Structures are given as C-alpha cells and as structure tokens.
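Since the structure is predicted, the reported quantities are computational estimates derived from the model, not experimental observations.
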Amino acid sequence: MREFLVVLYILTQIFWFLLLARIVVEMIASFSRGWSPRGAVAVVLEWIFVITDPPVKALRTVIKPVRMGQISLDLSVLVLFVIIIVLQMVLSMLMAQTV
C-alpha cells in the first residue's frame, strides 16, 4: 500500500512541476507577444500543454475568469495548484500512517 501511495505522490509532484512550467510559458507568451517556440522546445511545450490541459479546462468550466476592468484573471490554474498541494498533504499523511 505504501508503494502505491509513494507512486501517487511522485506523479502529483511531476504534475505540479509541469503545471508550473505551463504557467511560466503562459507568462512569457503574454508578456512577449511575438515569442513563438520553435523546434524541440515547441514539442516539449506541446506535451506539457497536452498533459495539463484536461484538468485546467475542466476547472475553467466551473470557475469563470474574474474580470478586473480590461483584464481577465484565470483562477483555474491557481485552484488546481491548491488541489494538488492538498492531495500531496493527504498522501504524505497516509504514507506516514502506513509505516
């Protein structure tokens, strides 16, 4: 049982890093409008978006972007970060109990 929990924890940690990379790429793209990835970077970024898109899109249907004047703030990625952190805390508590 503990091994299964460790694998789940590692998978959530990997997904956390991928989500962080997605946020960095989205920030770069929003601040540098002319930036477009090329070559191997484009392939890696495509995989990052393919992996992180389903949960982000699912949360976007539930959590609408917050309008702040001319700016729209998307909170779905932030909520997903919180969900992952809570899930990791629960997994670590369960791992501590199964020692």
According to a hydrophobic-cluster definition based on side-chain heavy atoms being under 4.5 Å apart (Ile, Leu, Val, Met, Phe, Trp, Tyr only), do L11 and M89 belong together? no
Scanning both residues in full, the closest heavy-atom pair of R2 with A96 reads NH1-N, 4.4 Å
Same cluster for W47 and I28 if Ile/Leu/Val/Met/Phe/Trp/Tyr side chains link at under 4.5 Å? no
Hydrophobic cluster membership, V7 vs F15, 4.5 Å side-chain cutoff: no
Listed by chain and number, what are the side-chain contact (heavy atoms from CB on, under 4.5 Å) partners of F81, not counting sequence neighbours? W16, L19, L20, I23, V77
Return the set of residues passing side-chain contact (heavy atoms from CB on, under 4.5 Å) with L18 (not counting sequence neighbours), or none when no residue passes. I14, I48, I51, T52
Smallest separation among heavy atoms of F49 and R22, with atom names: CD2-NH1, 3.5 Å
Same apolar cluster (I L V M F W Y, side chains within < 4.5 Å links), L80/V66: yes
With a cut-off of 3.5 Å and sequence neighbours excluded, list every side-chain donor-acceptor pair involving residues 34-44.
from	atom 1	to	atom 2	distance (Å)
R38	NH1	S36	O	2.8

Is there side-chain contact between V56 and R60, with at least one heavy-atom pair below 4.5 Å? yes
Count I, L, V, M, F, W, Y as connected when their side-chain heavy atoms are under 4.5 Å apart, and connections chain through other members. Are L75 and I71 then in the same cluster? no
Nearest 0.5 Å, what's the CD-CG distance between E3 and L8? 12.0 Å
Let me know which of M93, Q97, M95 forms a side chain to side chain contact (heavy atoms under 4.5 Å, CB included) with L5. M95
Got a second to check how far I10's CD1 is from L91's CG, nearest 0.5 Å? 11.0 Å
Under a 3.5 Å distance rule, please check whether S32 uses its side chain to pair with a backbone N or O of A29 as donor and acceptor. no
